Structure formats: structure tokens, C-alpha cells
Amino acid sequence: MTLYRATFLHTPANPFHSGHALHTEDDGGLLVQNGQIIQSGSFADVRAAHPNEPVEDLRGGLLLPGFVDTHVHYPQVRVIGGLGLPLLEWLDTITLPEEAKFGDDVYAAAIAREFVSGLTSHGTTTALIFGSHFASAVEILFQESSRAGLRAVAGQVVSDRMLRPELHTTPERAYAEGKALIERWHGQGRNSYAVTPRFSLSASEGILEACAALMAEFPDVRFTSHINENGREIETVRELFPGSRDYLETYERAGLVTRRSVLAHSVHPTDRELGSMAEHRCTAAHCPCSNSALGSGLFPLKRHLAAGVHVSLGTDVGGGTGFSMLKEGLQAHFMQQLMGPDGVPLSPAHLLYLATRAGAEALGLEGQIGDFSAGKSFDAVYFRPPEGSIMKTVLNHAPSPERALASLFAGGTQSDVAGVWIGGDVVYSRHLQT
Ligand SMILES: O=c1[nH]c(=O)c2nc[nH]c2[nH]1
Ligand SMILES: [Zn+2]
């Protein structure tokens, strides 16, 4: 057993529902055995109950639950930063040509390493990952996530129209390759599978039915796709699915909108769509940096909350601007402020919840991860800014852990991450970097 001594903060409750969701321990203790938190509280209390366990002293920084990124694309690492193009032009000119390279296993393996280390080094311990259109590249991703110890919920991306021929499949092949990947990887170690049609624009009804067949056959795999991101995208989907009232209904008709579904973006939903998303208890993954970079629009968080839709956070690398969930939190905060009366004021507790426990809930993993309650897995990120840095000064002078948390969201970067654990295993340590 190890007793971690640290200033820690977590959100065991939902701050959108409760005024006391943020739990802080100035001098806290987390007793961990076989990767699981056995006791959580003040260091004095935990120490009194366990006087002989070895202590790992993490004072001088902030310990947070590992981040849960609920929307990120593996094959887009090297195209981060294609600023200034709207979605469909960005896909055609920057992203899809890059994704077509993943038919080459050597290329895929190099990026799988970059991608997984990009996540863990930023403190992301669980991610819902858009894989590649190529089954072998998804295989390579799962191999790499297993090697690194990441909690990966990932799947092969499937499409059968409107992209480029190399990225198209058929319903039969999508089903067969998906089934093989599920049988090989779902529930293997920390990996699990998400059925992933790219978006309705690139999916025939046949492909969506193949996805539905996999969801029916494997009742605990997850589902993810995109929705309502960009005006031209929405208009095109309307033309492609004349029998559907709106974008959501293209997925709904195939039975793909459930508690197991995470739909990325949802920037331009109708009231009917929000009502149905709430009724089916699916999640909207909000990706504020991507929405800003691609000019997609301002996420109507207030309308989602009013309708009762669960919301989590995603980086959307590479439409987004990097792997930092702190940056996503900050951008979400900025955008909601700029929306004036239509925005939701987001406190540090909201940002932490959105970056951690909300993602765990989106993935049905809230019993295992997302906060530091006893019984949860020890998935954690330790922020300890380098000596002499401005962030170090700011944290040293913060009047409370909550204010320190706000400052971390405002100015924290990858270089402030000193250590990351998943299931008690160290998956990143600043000292081990060359
Ligand atoms: O942000 C996005 N990134 C993508 O790769 C994508 N594909 C379809 N729709 C998308 N939106
Ligand atoms: Zn995306």
C-alpha cells in the first residue's frame, strides 16, 4: 500500500446540481492498494488509521483525478493547428489526406506512440478515441494503449460515402472488422470498444445499420459520432436523409442514441433534438477549442442543461488545438462568458467536473474513475510547476485550493505535469523524460 500525501481536489458530485460538489483537502491523504483508493480524506485521519504505510509526499503541488477526454482523434495528431478553415474544407484539404496515410502500419505505429504519450503526458488517463478508418491501424492503437497503460475506449471509424475512396468501406466489412476488433480488444486490460461511424454525412443507412448490429450484439460497447457541428454539414445531412426530421434522427432511426452514446459538438441542436438526447440519456461532448478553431459556433450549454442533457468535455485533436484538458476548460469558461445571458458561468468546480467525472459518467465508468472517493481506481495527475515558473509563484500564493485550481485552469500547461498514474501505475513522470 502507498499513502499519497497531497493537496487534492475532486468533484464526487455534480456541481450543476449541487452547490457543494467540490471537495478539497489542503493536506490530504489517499491510501492506495493494488491501484485502488482504499481510504480518502485528510492526511491526519488516513495516517491515524494506517500509521505504518509508506508515504509518497506530493506536497507543493495539486493532485487531481486523471482527465477524461471524451472526444479525440488518433490520426489527427500531426494536423493540429490547421486554423482558419470551416469543418468541411478542413476535412477535405488537411485532415482526410492525413488519415489516408494510416493504411501504412509503420506510419500508424509512429503516430500511435505520439498520440498515446500526448494524452498521458497531459494528464489524460481515459479517452474516448476516434480511431482510424483502417482496422490494422486501430489494432496498432490498442497495442500501444495496452503498452502505455492508458484507459482507451476506441473504435474503427467507418464511412461509405463523401470522403475519399481509400477511407470508404461497406456495411458488411464494417460489421466484420468491427466484430473482430471487439472480440480481440473489448475488455482487454483497460481497453474497451466504441462503435464509431464518422458522421451521418459520410454514412449511408446501411453503415448505420451495421453499427446498430454491433451495438445489439455487444451490449456493453459504447457508441460515438459527431453531430450538429457546422451549418453546411447540417444542411448536407438534411439533403442526404430526407426522411429524418433533423440530424439526431439519422442516428435515432438506427437505434444509436442511447445511454451508451457520446455525440461530439452539438453546437446547433434543435429543441426536439435536445429533448430526445435527454430522454435517451446520451452525452454531448463539448469541444470548445475545436469549435473556436473551426469557427463552428458557441456551444449552447444552458440549453443542454435546461433540457437535461449530460455534457462532458473533449479536446477534439486535431480540430482542437492540443491535448490539454485545462485549456479546454478555460476555453469553455471564456465562451460561456462571452455568450452573456445565454451563457453559463463556469466555476473551477464546474471545469474540474467537466474534465473528470462528467467524462467518467459519459462512458459509464463513474463507479471506477472520475474522482478520488474510496473504491475508485487511483487515476491521477499531479501538477507541480517547475521552480522559478510564474505558475509556481501563482500556486504558492493562492489563498485557497479552489483559487489554485482556477489559476491552474487559466495558465497550466503540459510542463506543469509532474506525474500521472492510471490504476496506480505511473504512466508519465517528468523526471523520467529525456
Ligand atoms: O471536428 C470534427 N473532426 C472530424 O474529424 C470530423 N469528421 C466529421 N466531423 C468531424 N468533426
Ligand atoms: Zn471530432
Side-chain angles (χ1 to χ4, degrees), residues 69-102 111 115 119 127-134 137-138 153-164 166-169 194-204 207-208 211 222-237 240 247-248 250-251 261-269 283-297 299 312-323 325 328 331 359 362:
D69 183 343
T70 56
H71 186 66
V72 58
H73 294 255
Y74 143 55
Q76 296 180 9
V77 177
R78 293 191 183 176
V79 296
I80 292 171
L83 303 175
L85 291 175
L87 174 67
L88 299 182
E89 287 78 356
W90 173 79
L91 283 172
D92 281 346
T93 60
I94 295 184
T95 306
L96 299 181
E98 173 69 9
E99 296 203 23
K101 297 180 189 168
F102 281 68
I111 295 175
F115 175 75
L119 289 167
L128 176 57
I129 301 165
F130 256 68
S132 165
H133 289 267
F134 298 95
V138 179
V153 186
Q156 181 183 19
V157 181
V158 294
S159 289
D160 63 350
R161 63 181 176 193
M162 309 274 287
L163 300 181
R164 327 158 47 98
E166 318 88 285
L167 301 181
H168 292 161
T169 185
V195 172
T196 311
R198 186 165 197 127
F199 57 164
S200 289
L201 187 146
S202 67
S204 69
I207 277 276
L208 297 178
C211 291
R222 314 303 293 189
F223 174 83
T224 191
S225 194
H226 295 97
I227 195 165
N228 283 325
E229 179 176 3
N230 162 287
R232 265 195 59 215
E233 170 211 20
I234 296 167
E235 195 47 49
T236 309
V237 168
L240 289 168
Y247 203 144
L248 186 75
T250 63
Y251 300 127
S261 313
V262 176
L263 296 173
H265 299 304
S266 192
V267 177
H268 308 286
T283 294
H286 173 33
C287 306
C289 289
S290 168
N291 295 165
S292 306
L294 300 178
S296 303
F299 178 71
S312 60
L313 211 52
T315 59
D316 197 23
V317 159
T321 58
F323 287 97
M325 290 291 281
E328 295 304 327
Q331 188 68 12

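Ligands are counted one by one from 1 in listed order, and the atoms in each one are counted from 1 as well. For clarity, every value in this text was computed on a predicted model and none was experimentally measured.
Panel note: side chain Tyr251, backbone Leu208; no donor-acceptor pair is recorded below 3.5 Å. Side chain of Glu89 to main chain of Leu85: no donor-acceptor pair is present (N/O by atom type, distance under 3.5 Å, no hydrogens or angles).
Any N or O atom pair closer than 3.5 Å counts here, and His71 shares no such pair with ligand 1. Not a single N or O atom of Glu99, backbone or side chain, sits closer than 3.5 Å to an N or O atom of ligand 1. Here's the thing with Thr95: none of its N/O atoms is less than 3.5 angstrom from an N/O atom of ligand 1.
Closest to atom 7 (N) of ligand 1 among all protein heavy atoms lies Arg198 NE, 2.8 Å. Scanning the protein for heavy atoms near atom 11 (N) of ligand 1, the closest one is Glu229 OE1, 2.6 Å. Looking only at heavy atoms of the protein, atom 6 (C) of ligand 1 is closest to His226 CE1, 3.4 Å.
Residue Phe199 comes nearest to Leu87 through the heavy atom pair CE1-CD2, 4.5 Å, listed as atom of the first residue, atom of the second, then distance. Nearest heavy atoms, Ala293 versus Leu83: CB-CD2, 3.9 Å.
Residue-ligand proximity: Glu233 is placed with every non-hydrogen atom at 4.0 Å or more from ligand 1. Contact analysis puts Trp90 in contact with ligand 1, with a non-hydrogen atom separation below 4.0 angstrom.
Here is the list of ligand 1 atoms found below 4.0 Å of a heavy atom in Phe199: 8 (C), 9 (N). Those atoms of ligand 1 that come under 4.0 Å of a heavy atom in Gln76, given as number and element, are 4 (C), 5 (O). In summary, the atoms of ligand 1 found under 4.0 Å from a heavy atom of Leu87, numbered by their order in the structure, are 2 (C), 10 (C), 11 (N).
More than 12 heavy atoms of other residues, nucleotides or ligands sit less than 6.0 Å from atom CZ of Arg161.
At a cut-off of 2.8 Å, His265 does not coordinate the Zn ion (ligand 2) through any N, O or S atom.
The only member of Val157, Thr196, Thr169 that meets side chain to side chain contact (heavy atoms under 4.5 Å, CB included) when paired with His133 is Val157. When each of Thr236, Leu167, Leu163 is checked for a side chain to side chain contact (heavy atoms under 4.5 Å, CB included) with Ser202, only Leu163 meets the rule.
If you look at Leu91 next to ligand 1, the close heavy atoms, those under 4.0 Å, all belong to the side chain.
Aromatic rings of Phe102 and Phe134 (six-membered ring for Trp) have centroids beyond the 6.0 Å cut-off, not under it.
At the Zn ion (ligand 2), the vertex angle linking NE2 of His71 with OD1 of Asp316 is 90° (nearest 10 degrees).
In this structure, the separation between CG on Leu240 and OG1 on Thr250 is 9.5 Å, given to the nearest 0.5 Å.
For the residue pair Asp316 and His265, a side-chain donor N or O sits within less than 3.5 Å of a side-chain acceptor on the partner.
Considering just the N/O/S atoms of His226, the one nearest the Zn ion (ligand 2) carries the name NE2.
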